Amino acid sequence: VWQKNLYYRFAWHEQETIGGQLFFAGEQFELANIEHLKMLTEATELSQTNWQEISQDETSVTVLCHLIAEGGWYWQSAD
């Protein structure tokens, strides 16, 4: 599972024209899928099921990869 790094702050804002914006570490990302936006900012972990849903949207995958690269999310082995 992917765990959110609780030392980072995430926020999001819904906008009619683009879906919404995710704010993280001084950066902002636009996402059309509000459910993915909520998942990436409000969830504390992402399961395999969450990943399968997110992986259907290229922009959401790109944003998640950026968040992982910046330390916002990290892999935690499910023991």
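What you see is a predicted model, and the numbers here were worked out from it, not measured in a lab.
Considering every non-hydrogen atom in both Ser60 and Ile54, the closest pair reads CB-CG2, 3.8 Å. Of all the heavy atoms in Thr59 and Glu30, the pair that sits closest is CG2-O, 3.6 Å. Taking all atoms of both residues into account, the shortest heavy-atom contact from Met39 to Trp73 is O-CZ2, 4.1 Å. Heavy atoms only, all atoms of each residue included: His13 and Phe23 are closest at CB-CE1, 3.9 Å.
In this structure, Trp2 has its ring center at least 6.0 angstrom away from the ring center of Trp51.
The distance from the CD atom of Glu70 to the SG atom of Cys65 is 12.0 Å, given to the nearest 0.5 Å. Here Leu64 contributes atom CG and Asn50 contributes atom CG; the two are 10.5 Å apart, rounded to the nearest 0.5 Å. Rounded to the nearest 0.5 angstrom, Gln21 CD and Thr41 OG1 are separated by 12.5 Å. Between the NE2 atom of His36 and the CG atom of Asp57 there is a distance of 6.0 Å, given to the nearest 0.5 Å. Here the CG atom belonging to Leu40 is positioned 9.5 Å from the CG atom belonging to Asn33, to the nearest 0.5 angstrom.
Residues Val1 and Leu46 form no side-chain contact, since every pair of their non-hydrogen atoms from C-beta on lies 4.5 Å or further apart. Between Phe24 and Leu67, some side-chain heavy-atom pair lies under the 4.5 Å cut-off. Between Glu45 and Gln76 there is no side-chain heavy-atom pair separated by less than 4.5 Å.
Side-chain heavy atoms closer than 4.5 Å link hydrophobic residues (I, L, V, M, F, W, Y) into clusters, and following such links, possibly through other members, connects Leu37 to Val61. A continuous path of Ile, Leu, Val, Met, Phe, Trp and Tyr side chains, each step under 4.5 Å between heavy atoms, connects Trp75 with Ile68, placing both in one hydrophobic cluster.
Taking a 6.0 Å sphere around CD of Glu58, one finds it holds 12 or fewer heavy atoms contributed by other residues, nucleotides or ligands.
Side chain to side chain, Glu42 and Trp12 meet the donor-acceptor criterion of an N or O pair below 3.5 Å.
A donor-acceptor pair under 3.5 Å is absent between the side-chain atoms of Lys4 and the main chain of Gly72, judged by distance alone.
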Where do Gln3 and Thr44 land on the side-chain contact (heavy atoms from CB on, under 4.5 Å) test, with the steps shown first?
CA-CA 6 Å; Gln3 297 284 321; Thr44 56; 5.5 Å; no
